[in-house]
Amino acid sequence: MRESGGEGKKGLLVVAGPCVMESVDHLLKMAHTVREIAEKHGFRLVFKASFDKANRTSGRSYRGPGLERGLEWLEKVKRET
């Protein structure tokens with residue numbers, strides 16, 4: 001996702017996104033939502049999400065889609081937002 005608010009702007013910078021990537025549809029919904037909020041309120045935004053969230057409370061918890069699929073999903077977010 002491109003930084004909302006324009007190049008070279010100063011002010012509040014927010015890093016936001018889901019803790020772990022659950023699906024490409026969920027990731028896109030989150031990216032569009034946080035971008036709309038950033039644009040509405042005039043702050044800069046960096047979208048982030050983990051493709052392999054290792055520090056879960058249980059070793060059996062879902063960790064994410066993995067590196068290759070995670071990068072594919074982030075590329076789609078970049079293109080569509």
Side-chain angles (χ1 to χ4, degrees):
M1 170 180 279
R2 289 175 202 86
E3 192 177 283
S4 293
E7 285 293 320
K9 271 195 162 181
K10 302 232 182 215
L12 180 64
L13 172 68
V14 174
V15 179
C19 180
V20 65
M21 297 177 183
E22 296 181 20
S23 71
V24 70
D25 292 333
H26 180 257
L27 198 63
L28 283 165
K29 183 177 179 180
M30 296 289 290
H32 283 290
T33 299
V34 295
R35 181 171 183 157
E36 287 173 14
I37 294 167
E39 289 174 347
K40 178 180 177 182
H41 296 287
F43 59 82
R44 298 176 301 145
L45 171 68
V46 174
F47 185 77
K48 71 92 198 155
S50 296
F51 55 82
D52 184 10
K53 193 70 172 181
N55 59 340
R56 309 297 280 182
T57 49
S58 169
R60 295 185 200 124
S61 293
Y62 174 71
R63 290 176 54 153
L67 177 62
E68 288 184 32
R69 185 176 289 160
L71 289 174
E72 290 171 9
W73 291 2
L74 287 172
E75 178 62 31
K76 187 169 185 169
V77 167
K78 181 180 178 181
R79 280 193 318 269
E80 294 189 21
T81 62

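The side-chain heavy atoms of Glu72 and Glu75, taken from C-beta on, include no pair separated by under 4.5 Å. Side-chain contact between Phe47 and Leu27: present, with at least one pair of heavy atoms (C-beta onward) separated by less than 4.5 Å.
Among residues at least two apart or in separate chains, side chain to side chain donor-acceptor pair (under 3.5 Å) pairs with a member in residues 45-54 are Asp52-Arg63.
Note: the hydrophobic cluster containing Leu74 also contains Val24 (ILVMFWY, side chain heavy atoms under 4.5 Å, direct or indirect links). Note on Met21 and Leu71: same hydrophobic cluster, where clusters join Ile, Leu, Val, Met, Phe, Trp and Tyr whose side-chain heavy atoms are under 4.5 Å apart, directly or indirectly. Following chains of ILVMFWY side-chain contacts shorter than 4.5 Å, one can reach Leu67 starting from Val77, so the two form part of one hydrophobic cluster. One hydrophobic cluster, built from ILVMFWY side chains closer than 4.5 Å, holds both Val34 and Leu28.
Contact detail for Ala38 and Leu45: the closest heavy-atom pair is CB-CB, 3.8 Å. In terms of heavy atoms, His26 sits closest to Pro18 at CE1-CB, 4.1 Å.
Scanning for side-chain contact (heavy atoms from CB on, under 4.5 Å) contacts around Lys29 gives Thr33, with sequence neighbours left out. Scanning for side-chain contact (heavy atoms from CB on, under 4.5 Å) contacts around Glu68 gives an empty result, with sequence neighbours left out. Annotation: side-chain contact (heavy atoms from CB on, under 4.5 Å) contacts of Leu12 (sequence neighbours excluded): Val14, Phe43.
Expressed to the nearest 0.5 Å, how far CD of Glu36 lies from NE2 of His32 amounts to 8.0 Å.
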